[in-house]
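Read the structure below first, then the notes.
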Amino acid sequence: MIVPISLLAELLRALPQLRAQIYFKSSMTALSHAMEDLVLAGSDDEPLVIASFQQERFYRHEAHRYRRIAALSSQVYVLSSPETEFKNSSEHHETVAFAPEDGLSKEWHLVVLGQNYSTCLICQEKIVPIDNQDDHGPLLMDQARRFEGIWTFDREVSSKAAALLLDRIVNYRPELAEKIDRARTTYKLVKTPKKTRKSATSKAAKPDISRGKNSKIPNPKLSDAFTERLVTYLQAGQHKLLKAYSAIAAQERKERLVNLITTAMRQSLNPQEIVEVAVQELGTALSASRCLIYRCKATDIAVKIDREFLAPGASSVLEQTWLLQENQIWSDAVARQERVYIQDTVQHPLIVNTKFLKKTVKNWQIVSWLMVPVLYQGRVLGMVEMHQCRSVLPWEEDEIALVEAIATQLGAALIQAETYAHLEELNQQLEALDRTRSNLIAITGHELRTPLSTIQVCLESLNSEPDMPQELRQIMLETALGDADRMRKLVQDFLTLSNLESGQVKWNVESLTLQECVDLALSSVRSGGGLDRELPEIIAEVSAELPLVQADGEWLVEVLSKLLDNACKFTTPQGSVTVQAKYNGSRMVEVLVADTGRGIEANSLKVVFDRFYQEEGALRRSAGGTGLGLAICKQIVAGWGGKIWVDSAGKDRGSEFHFTIPTVENQLTSVNS
């Protein structure tokens, strides 16, 4: 049965003369350890020990102590709200797992009841609202947690607390009733009637005080060891609290400024705004004469100062060029990726013995110099630079730590801003990737399924009709072979583009005559025209006087063939396709494949070389193809160091595809240089 009422409330109701006091966690820990040490000292036989922890994790820190205590007494009970492994058990001592809803989950209890002494600690955590924590932050979250309760050696109080706790234990572990009855008999405890929880005035609520304040067997004097341990814990705890509160008071203004800087940096995605807020607030917080924050990389030679905090009387360095590699302080901070602090530049040997630093210190009246690199995952993003110009007022360690904390926050904020700046580009890449995926599905679905269906129909007809006329059989075979070749080209284009993009192609570069390559490409296009396609007029205007080109001949013919095939595909038989070439004077030959066909609209000129590009869409085009041809051409031309582009006056006004090839002269010049 869950008992939501607080044990402390029950105890105060039963003994109204008691007055609860406030304890900090550090003091509670000290008291508990001292009480446990008293048991471990073995000053009494078989004491009753009942400990109630709020959560299992708190018990785990003390588990080893309670195993030692259990070796001295069989009447040891440990209560806790389970989190992982804690459960009802009698292995070392009696463990009692109470429900998280029980009032015990908000309390901390320890009762020790021996034949000759007694002591108890009964406390309930006092939740302090966030608004009343005086901005002390994490310091009040653990050691300074507050508890309200009773700590006493009074046997009457200890006996009553033990009786109430034993009642709780029986609720959760009724199988221990017999053992608990023996404890009540041994330590002269009265079993608390149920109605005591209903009425604070019930006479049955009064405990057996035969060993209380008026007992003939008083509590013995505490041992010297116990007293010494208790005083030491309490003094140390109070000293830590006073020190913490002093530090809080001294740092309050600086912490508020840090929060202001951090909030501003997190709210803005503009790097310039982030740096401006940080430089002004940090300079103010540290009372610096000058604070500079500038973005730089480890390899930068110089940087122009565009953000500055300046105190009255200090000269400005805005728009000044800061030479980085000549500044040994900057180099040390970057190389070590940690702060460099020179408290007194007048006496520092690095300044005195370095002409550049000595001049810089003199020009800008720098007395103290602090540099803290702005880093993100080992990458240098910038530098925080602080100057004192009037007198040597050393920055304390906590002040320098403050600069380092801001630099860390600044690094994360700059990366966040940089990431956001690239977000649009990343979104475009994702859209292109999604477009590629959709086109891939459409292309493979259309270009593979259509020829497969035709091949299947032809083969089934040939197989099921042995008496088919020879002329019709020939048509069926030619149709199947044509579509099989179409599928082969599709698969080949996929493999070709994949190999080119992954860098797996081995280039066989040689000196070639462009005219010969054009003739081979024209022959390939004309022989591939077939009976089902009438080609437009193809005009080749390539001079034999052109210089030799330096390229892989097989891939050059492939580019020419694909561009010519593409031009013929989108040009009517009544139109024309022209191949021209010229030496453009920059050691490159420029090739032009022009047609009088359907042309390309202006908004499509930048994407025609993308994979799977089809002006009409993957499933609505009148001309076949995979949409990979121009993408393959782009990869091949880039492979030999050339460029490829397209011009078009618009729809139905023809297209002009250009690409460049290096000449032998260009290659020789590159080698010689």
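Along the sequence shown, residues are numbered consecutively beginning with 1.
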Are the side chain of [X] and the backbone N or O of [Y] linked by a donor-acceptor pair below 3.5 Å?
| X | Y | answer |
| --- | --- | --- |
| S159 | E156 | no |
| Q280 | E308 | yes |
| S105 | P100 | yes |
| K179 | S74 | yes |
| S73 | L48 | no |
| S118 | F153 | yes |
| E399 | E396 | yes |
| R57 | Q54 | no |
| E148 | I22 | no |
| D154 | V157 | yes |

Which value, rounded to the nearest 0.5 Å, describes the distance between [X] atom [atom1] and [Y] atom [atom2]?
| X | Y | atom1 | atom2 | result |
| --- | --- | --- | --- | --- |
| L11 | Q124 | CG | CD | 12.0 Å |
| I122 | F147 | CD1 | CZ | 13.0 Å |
| K188 | R155 | NZ | CZ | 9.5 Å |
| L410 | I274 | CG | CD1 | 7.5 Å |
| L113 | L165 | CG | CG | 11.5 Å |
| D344 | Q388 | CG | CD | 12.0 Å |

Just checking, is any N or O donor in the side chain of [X] or [Y] under 3.5 Å from an acceptor N or O on the other one?
| X | Y | answer |
| --- | --- | --- |
| Q55 | S80 | no |
| S52 | E107 | no |
| E62 | H33 | yes |
| Q343 | Y341 | no |
| R173 | S90 | yes |
| R307 | Q272 | yes |

Run the ring-ring contact (aromatic ring centres under 6.0 Å, His included) test against F86 and tell me which residues pass, sequence neighbours left out.
Y59
Less than 4.5 Å apart, any side-chain heavy atom of [X] and any of [Y]?
| X | Y | value |
| --- | --- | --- |
| V374 | L414 | yes |
| L286 | I400 | no |
| Y77 | V49 | no |
| V112 | Y117 | yes |
| K106 | D102 | no |
| T84 | E56 | yes |
| Y187 | Q115 | yes |
| M35 | W151 | yes |

Exercise: identify the closest heavy-atom pair between [X] and [Y]:
| X | Y | answer |
| --- | --- | --- |
| P47 | V39 | CG-CG1, 3.9 Å |
| A288 | W395 | CB-CZ2, 4.0 Å |
| Y23 | G149 | CE1-O, 3.5 Å |
| V76 | A70 | CG2-CA, 4.0 Å |
| L189 | A162 | CD1-CB, 4.0 Å |
| V279 | C291 | CG2-O, 3.1 Å |

Please test I406 against V384 for side chain to side chain contact (heavy atoms under 4.5 Å, CB included), starting from the C-alpha separation and ending with a verdict.
CA-CA 9 Å; I406 293 300; V384 178; 5.9 Å; no
Quick check on E178: does its CD atom have over 12 non-hydrogen neighbours (other residues, nucleotides or ligands) under 6.0 Å away?
no
I'd like to know if [X] pairs up with [Y] as an ion pair, taking the criterion as any Lys NZ or Arg NE/NH1/NH2 lying under 4.0 Å from an Asp or Glu carboxylate oxygen.
| X | Y | result |
| --- | --- | --- |
| E397 | R339 | yes |
| D167 | R184 | yes |
| R65 | D37 | yes |

Dump the intermediate steps for side chain to side chain contact (heavy atoms under 4.5 Å, CB included) on M383 and V372, then the final yes or no.
CA-CA 6 Å; M383 186 69 66; V372 179; 5.6 Å; no
Assign the ring pair Y66 / H93 to parallel, tilted or perpendicular, where the plane angle (0 to 90°) is split at 30° and 60°.
perpendicular
Assess the residue pair T186 and Q75 against the criterion (side-chain hydrogen bond (donor to acceptor under 3.5 Å, both in side chains)); give the C-alpha distance rounded to whole Å, side-chain angles, the decisive distance to 0.1 Å, and a yes or no.
CA-CA 10 Å; T186 302; Q75 291 288 347; over 6 Å; no
Applying salt bridge (Lys or Arg N to Asp or Glu O under 4.0 Å), run through E91 and R67 and close with a yes or a no.
CA-CA 10 Å; E91 182 179 359; R67 290 196 184 107; over 6 Å; no
Worked check of side chain to side chain contact (heavy atoms under 4.5 Å, CB included) between H348 and W369:
CA-CA 11 Å; H348 198 279; W369 201 341; over 6 Å; no
C123 vs I150, side chain to side chain contact (heavy atoms under 4.5 Å, CB included): CA-CA, chis, key distance, verdict:
CA-CA 6 Å; C123 288; I150 302 296; over 6 Å; no
